[in-house]
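The next block holds one structure in the form of structure tokens; read it before the comments.
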Amino acid sequence: MFVRSVHNCCRVCLKNSARSNAFSYFIKRLLNTKVARKLTNEEARHKRNEIFNEERARQLTFITRIEKIQVEHKGPPEDCTLIMNKGLSTPFNCAMHIGELLMNRSVLALVNGKPWDMHRPLVEDCELKFLHMKDENPILSNQAFWRSCSFILGYILETAFKNEHYVELCSFPVPNVTSGSFVYDADLKLPDWSPSAMELNCLSRVGQSLRYSDFKFERLDIDVSVALKMFEDNQFKSEQIPQIAVKSETGSTVTVYRMGDHIDISRGPLMGSTGMLSRFNVTAVHKIESPQYGPLSRVQGIAIPMSLSLHYWTYEFLMKRATKLNQAPIPTVFQAKSRSETVDNQGEEKAN
Amino acid sequence: MAVTLIGRLGNLLHKLETLVHRIRVQDSLNRGLPTLGVPNFDLGLDGVNSDLESRLKQQKNSESGSSRSVIDSIFGSILWGVPKSRRTLEKRLTRKFQGKEFKEVTAIKKNIVACLECGTYHEMHTICPKCYGKVREETAAMKAAMGEDFQYNHPRSEVVYLYEDDQEDRAKYKGKYIVEMKKPRPLWFAKNLLTKGHG
Amino acid sequence: MNMFRFPVRNTPRKLKKSFGVGSGPAERIKKLQMLVTALIRNERLEAKESYCLETRGYAEQLIQIAIRNGDRHAETMEKADYWLLEKDLVHKLFKVLVPRYQNYTTAFTDYHFLPKKVPGSGVQMGILELKGNPWPPVVPRQRNQKYLLTNVLISTAKEEYRMEKKISPDLKNGTHDKLNQLDNT
């Protein structure tokens, strides 16, 4: 094939100089195609999953014998004491022991007053409470739900496009329900693309199908080095990981969540599983300009959980509002040298 | 062909007449009514009810014997409620499996919710049984605290129930019948003494 | 206008099997008298749904005519005497319930469904109560739903819509803004 092509090239270009030019041009093209062979979404995902599995297996080996912890559950349906396994039992397991009600409706758990993922293992004797969407103070549940929806947007962007079209996710801002939409900023490598209604519908359907797939959100705390290896294909994440690690408690840990096959970095607790979603819509894709990261696409969406009901007219009114550009801060690089720079006197995260 | 048909009809009419008459007679006798026009042929009671037979014969002798048309005696009896035909299997099954007792235990209910206070399951339009159980107990205690007045001589002014921690409000309720509850106010019973149900 | 606050039925409810074989309209009325008396005394009653809903009409009417006519009206006194089998309740009706319900614009009774007992006959039980009674409430307390996710989304969307209207009153968002259209014409 190579020889025939060269011959054809030579036939077309009759002069000697032209022939040699054509040849060199052809060689260059061949070389370039080999060098510019891009990473596919599937490959990147597969690699991340392998590293995740390895790390999780490694962390499990630290639990040599099963120790017991005492967990005090407070709240409906009954106050009770459970004896669970240290480092293995999750709040979801406790809910399984208590009753179906807590399994189905719980979004988050409160372990000694701290928000805790439903599938994150418990490590010491504690007081356990469950939070759901209809609490009288559902602020933590709302934030967890909104944060999980942003995470799901990342999943959609990595899976909805063709495998060959590699998408680089950048980051998502702190969840803000009052803004009316959740956000994910990414480099979609489509500078002139403005999605049509049909395309937005296709993206939304990927999210809606998650309700039936019912994926759990598995949490893993990994070291900076492992995280960097995991996200080496993503230029944005590679830059962000060291800063995220600095903000963490140990100074070198990064929290990573897996949902199905998709793995991404997120700080806060996410909801238990995607079975809670009722309606999910990707509403808009806006072009934004980040000073450090360059041109990015801001993908926005809106979603409602199963436990809350809403008339379709109202939901469509909210969808219209969610098409407007979300005023959340544009992703920037924040250079923090140590945890003290990011945490103020009360130990709370500084707004940045 | 026509002859046999007529013959058959005649037989049928005869049989109907006997049957109808037997029913009428039996019923008349049960009610103590005079029998009507006893025919000349044997009633076929065959000594089963010898008392009946003798009574009939007496009546037969005493009565003048009014002639009533065959058609009248047939159509007259259809007034009484009696199954006309056997209930089909379909109808029987319908009655069996569409009763409310059956549906209560078999039909799938999609309107079950959990009470937000205590987590007990109940149908959406009903009240929570556990929470109401507490309310029922407390109501009984309140009624008992009033004593005999409640049943026999109901007070002629609004009744106010004061718990141990509500003693400050005593001044507000002058002129009302106050009942002392000798225990602290339950946490779930909010302090809305004498508020209007609606305006 | 002193209208009835409650839709009273024209025809009696079919309670055929409720009062036993051989009972008729007289037995029904006797039973209803007992129920109305019990309701006025106890201010809360647990009974079969059909019983409760029948007594509701009679109790409401009794209280309504007592409010309308007062305790010097002969016909009203007769009716109270007939329906309230225990005579201390006649005093209660005119001295406690009439002042309580004097300015009510709504019905005086409430009906709540009790959950059906399974296994059982499938009969629906209910609670009939007079409003403003001193007992603890049957329904759960009112919860603050302001911070539910859907409510937060709606309230912020509403605020934004109103702000936009203030800025540009001719803004047509495709919503049903009939009032605005009227103002413009």
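Keep in mind that the numbers below use all heavy atoms, side chains included, and drop hydrogens, waters and symmetry copies. Lettering of chains follows the sequences in order, A, B, ..., and the numbering in each one begins at 1.
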How long is the straight-line distance from NE2 of C/H91 back to OG of B/S157, given to the nearest 0.5 Å? 13.5 Å
Determine the minimum heavy-atom distance between [X] and [Y], stating which atoms define it.
{"X": "B/F189", "Y": "C/W135", "result": "CZ-C, 4.1 Å"}
{"X": "B/R156", "Y": "C/K95", "result": "O-CB, 3.6 Å"}
{"X": "B/W188", "Y": "C/P136", "result": "CZ3-CB, 3.7 Å"}
{"X": "C/R41", "Y": "B/Y152", "result": "NH1-N, 3.9 Å"}
{"X": "C/D88", "Y": "B/H154", "result": "OD2-N, 2.8 Å"}

Can you establish whether the number of heavy atoms outside [X] located under 6.0 Å from its atom [atom1] is more than 12?
{"X": "B/K109", "atom1": "NZ", "answer": "yes"}
{"X": "B/K103", "atom1": "NZ", "answer": "no"}
{"X": "C/E78", "atom1": "CD", "answer": "no"}
{"X": "B/K182", "atom1": "NZ", "answer": "no"}
{"X": "C/Y147", "atom1": "OH", "answer": "no"}
{"X": "B/E137", "atom1": "CD", "answer": "no"}
{"X": "C/R9", "atom1": "CZ", "answer": "yes"}
{"X": "C/E75", "atom1": "CD", "answer": "no"}

Where on [X] is there a heavy atom nearer than 4.5 Å to chain B: the side chain, the backbone, both, or neither?
{"X": "C/D110", "result": "neither"}
{"X": "C/I127", "result": "side chain"}
{"X": "C/E46", "result": "side chain"}

Which bit of B/T139 is near chain C, if near means a heavy-atom gap under 4.5 Å: side chain, backbone, both or neither? both
With only heavy atoms counted, which part of B/P155 is less than 4.5 Å from chain C, the side chain, the backbone, both or neither? backbone
Name the member of B/H122, B/E138, B/M142, B/K134 that forms the most heavy-atom pairs with chain C at distances under 4.5 Å.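 Maximum pair count with chain C is reached by B/M142.
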Using a cut-off of under 4.5 Å on heavy-atom pairs, state which of B/V105, B/V135, B/I127 scores highest against chain C. B/I127
Under the side chain to side chain contact (heavy atoms under 4.5 Å, CB included) rule, what do C/L114 and B/Y132 come out as? Steps first, then yes or no, please. CA-CA 9 Å; C/L114 277 170; B/Y132 181 64; 3.8 Å; yes
Any ion pair linking B/E123 and C/K116 (charged N to carboxylate O, less than 4.0 Å)?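 Salt bridge between C/K116 and B/E123, a charged N being under 4.0 Å from a carboxylate O: no.
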Does any non-hydrogen side-chain atom of B/E158 lie less than 4.5 Å from one of C/P134?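 Side chain of C/P134 against side chain of B/E158, heavy atoms only: no contact under 4.5 Å found.
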Any heavy-atom pair between the side chains of B/K143 and C/N42 that's under 4.5 Å? yes
Ranked by heavy-atom pairs below 4.5 Å to chain B, first place among C/R141, C/R44, C/R143 goes to C/R143
